[in-house]
Amino acid sequence: MAPLDAWSARHLGALVTLEAHAPKAVEGDTLLHFDIRADNLLMDSGGPGPGVWFVDWPHACVGASWFEVACFAPSVAMQGGPQPEGLMARRPNELQPSPADLLAGVA
């Protein structure tokens with residue numbers, strides 16, 4: 001096994017703590033695609049308004065309702081959309097993760 005890089009070695013304790021908190025942080029009963037990005041979305045303008053279809057579901061699972069948005073946010077920013085913080089801020093307050101849960105889940 002290769003040795004840890006300097007950054008990982010310096011932050012190993014914090015990373016272990018985040019990993020220990022992660023399962024509880026992302027707990028929930030919302031159906032998650034778990035791989036949303038631009039190439040897993042289809043846009044449809046055939047109905048009364050534009051629709052979005054989520055395709056390619058091999059990683060589907062259940063978890064916290066905020067987790068999908070947090071994982072999709074970097075892809076949105078890379079495609080020219082709002083930065084992750086701005087996208088997450090659009091969610092109602094009652095659907096916001098705590099900062100500790102967000103950090104553990106993303107880490």
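Predicted model only: the values in this text are computed from it and were never measured.
- Both Trp57 and Met43 are assigned to one and the same hydrophobic cluster, defined by single-linkage of ILVMFWY side chains at heavy-atom distances under 4.5 Å.
- Residues Pro97 and Met88 meet the side-chain proximity criterion, which asks for heavy atoms closer than 4.5 Å.
- The shortest non-hydrogen separation linking Leu102 to Ala70 is CD1-CB, 3.7 Å.
- No side-chain heavy atom of Leu32 sits under 4.5 Å from any side-chain heavy atom of Val62.
- Scanning both residues, Asp5 and Ser8, for their nearest heavy atoms gives OD2-OG, 2.8 Å.
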Identify each donor-acceptor pair in which a side-chain atom of residues 19-31 lies under 3.5 Å from a protein atom, sequence neighbours left out, and give them as a table.
unit_1 : atom_1 : unit_2 : atom_2 : d
His21  : NE2    : Asp101 : OD1    : 2.7
Lys24  : NZ     : Glu27  : OE1    : 3.3

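- Pro84 and Ala77 get closest at one heavy-atom pair: CD-CB, 4.0 Å.
- Contact annotation: the side chain of Trp66 never approaches that of Leu95 to less than 4.5 Å [non-hydrogen atoms, C-beta and beyond].
- Here Leu42 is tied into one hydrophobic group with Trp53, Val55, each link being a pair of ILVMFWY side chains closer than 4.5 Å.
- Listed for the Asn40 side chain is a donor-acceptor partner under 3.5 Å among the backbone atoms of Asp35.
- Contact annotation: the side chain of Val76 approaches that of Pro82 to within less than 4.5 Å [non-hydrogen atoms, C-beta and beyond].
- Judged as a side chain to side chain donor-acceptor pair (under 3.5 Å), and not counting sequence neighbours, Asn93 has no contacts.
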Could you walk me through whether Phe67 and Phe34 pass side-chain contact (heavy atoms from CB on, under 4.5 Å), step by step?
CA-CA 9 Å; Phe67 191 71; Phe34 213 62; 3.1 Å; yes
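- Phe72 and Val52 fall within the same hydrophobic cluster, where Ile, Leu, Val, Met, Phe, Trp and Tyr residues are linked whenever their side-chain heavy atoms come under 4.5 Å apart, directly or through other members.
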Test side-chain contact (heavy atoms from CB on, under 4.5 Å) on Leu12 and Leu4; report intermediate values, then the result.
CA-CA 9 Å; Leu12 186 58; Leu4 292 175; 4.1 Å; yes
Hey, mind stepping through His33 and His59 against side-chain contact (heavy atoms from CB on, under 4.5 Å) and telling me if it holds?
CA-CA 6 Å; His33 182 280; His59 307 293; over 6 Å; no
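- Residues passing the side chain to side chain donor-acceptor pair (under 3.5 Å) test with Asp56: none are found, sequence neighbours excluded.
- Every pair passing side chain to side chain donor-acceptor pair (under 3.5 Å) that includes a residue from residues 76-92 is listed here, sequence neighbours excluded: Ser65-Arg91.
- Judged as a ring-ring contact (aromatic ring centres under 6.0 Å, His included), and not counting sequence neighbours, the contacts of Trp7 are His11.
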